[in-house]
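Along the sequence shown, residues carry numbers from 1.
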Amino acid sequence: SPYFVSEDNGKVIYNKDKTVLWQVSQDYSDEFVIPDTVTKINDFAMYGCENVKGILTIPNSVTEICQAAFYNTGFNAVTLGNNVEKIGTSAFRDCKKMTGDFVLPESVTELGNFIVSGSAFNGKLDIKANIEEIPAYAFKDTKFTSLALPNSLKKIGEQAFYGCASLTSSITFGNKLEIVDKYAFSKSGIAGALVFPTSFFIKENRYFCICRMSEYYRNHITRGKCNN
């Protein structure tokens, strides 16, 4: 083809100059290394590659990971390169073997919904990216045990951390936080303090992140105000 190049007996397809990982066959069953010529991971590029092995390493050459690129893959961990700017909707969703930490580098400027929802991450979620919004359902039903948020954050979307039962550490929110959408932390396991900026005001508890948690958690909100 004048437009594509294939490798591994046709199981891996790139564009002609190998700057876009186009598609990997769902029956791919070995470790997979993304070459450092790649700058973009295409929509659904490795969707459903459940038998792929090892750690997924996104090279520093990659700037964009498109929607559902690694949805339901078999990698057991992921490391993102330092130049990733965009991560699309459901990029790492339902990766049932993907454990450990998930670190969003400072280079990230745009996130889609459901980016790791339903995946098996069980370490720290470290958001170093200077983003202003965590989109809806982004980390829903994950097993993270701790969370670090950027000071740039202004909004946490609906159900962003819904069902994160293993998230038990205290959480400190930056001074720019303005909106926590409904059920953002509902059914999470937070047992420590929730530290908000003094300017943050919770108008209606039914829209607040912990509206379905016990009275114990509501009593551990500090610095902000809460109307019940």
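The salt bridge (charged side-chain N to carboxylate O under 4.0 Å, His left out) pairs that include a residue from residues 40-60 number zero, where partners must be two or more places apart or lie in different chains. Evaluation of the side chain to side chain donor-acceptor pair (under 3.5 Å) test over residues 118-130, restricted to residues two or more places apart or in two chains, returns Asp126-Lys128. The list of side chain to side chain donor-acceptor pair (under 3.5 Å) pairs with a residue in residues 19-32, not counting sequence neighbours, reads Asn15-Thr19, Asp17-Thr19, Ser25-Asp27.
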Please list, one pair per line, the donor and acceptor atoms closer than 3.5 Å that link side chains of residues 71-87 to other protein atoms, with sequence neighbours excluded.
{"unit_1": "Tyr71", "atom_1": "OH", "unit_2": "Asp94", "atom_2": "OD2", "d": "3.4"}
{"unit_1": "Thr73", "atom_1": "OG1", "unit_2": "Phe70", "atom_2": "O", "d": "3.0"}
{"unit_1": "Asn83", "atom_1": "ND2", "unit_2": "Asn60", "atom_2": "O", "d": "2.8"}

Under 3.5 Å, sequence neighbours excluded: what are the donor-acceptor pairs made by side chains of residues 146-155?
{"unit_1": "Ser152", "atom_1": "OG", "unit_2": "Ile131", "atom_2": "N", "d": "3.3"}
{"unit_1": "Ser152", "atom_1": "OG", "unit_2": "Ile131", "atom_2": "O", "d": "2.7"}

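For Phe102, the ring-ring contact (aromatic ring centres under 6.0 Å, His included) partners are Phe92, Phe121, not counting sequence neighbours. With sequence neighbours excluded, no residue forms a side-chain hydrogen bond (donor to acceptor under 3.5 Å, both in side chains) with Lys96. The side-chain hydrogen bond (donor to acceptor under 3.5 Å, both in side chains) search around Asn113 returns none, not counting sequence neighbours. Under the rule for a side-chain hydrogen bond (donor to acceptor under 3.5 Å, both in side chains), Asn42 has no partner lying at least two apart in sequence or in another chain. Scanning for ring-ring contact (aromatic ring centres under 6.0 Å, His included) contacts around Tyr14 gives an empty result, with sequence neighbours left out. With sequence neighbours excluded, the residues that form a side-chain hydrogen bond (donor to acceptor under 3.5 Å, both in side chains) with Lys18 are Glu7. Evaluation of the ring-ring contact (aromatic ring centres under 6.0 Å, His included) rule for Phe139 yields Phe161 as partners, not counting sequence neighbours.
In this structure, Pro35 and Ser61 approach most closely via the heavy-atom pair O-OG, 4.2 Å. Nearest heavy atoms, Ala91 versus Cys66: CB-O, 4.1 Å. Smallest separation of non-hydrogen atoms from Asp181 and Gly157: CB-C, 3.6 Å. When every heavy atom of Ala184 is checked against every heavy atom of Ile156, the shortest pair comes out as CB-CG2, 3.9 Å. Between Gly10 and Ile13, the shortest heavy-atom contact is O-CG1, 4.2 Å.
Between Ile115 and Tyr137 there is no side-chain heavy-atom pair separated by less than 4.5 Å. In this structure the side chain of Ile34 reaches within 4.5 angstrom of the side chain of Ile58, judged on heavy atoms. Counting heavy atoms from C-beta outward, Phe32 and Thr57 have side chains that stay 4.5 Å or more apart.
In this model, a donor atom of one side chain and an acceptor atom of the other lie less than 3.5 Å apart for Lys187 and Tyr162.
Residues Val24 and Phe44 do not share a hydrophobic cluster, defined by chaining ILVMFWY side chains whose heavy atoms lie under 4.5 Å apart. Under the 4.5 Å side-chain contact rule for hydrophobic residues, Leu21 and Val5 share a cluster. Criterion: ILVMFWY side-chain heavy atoms under 4.5 Å apart, direct or through other members. Under it, Val62 and Val20 are not part of a common hydrophobic cluster.
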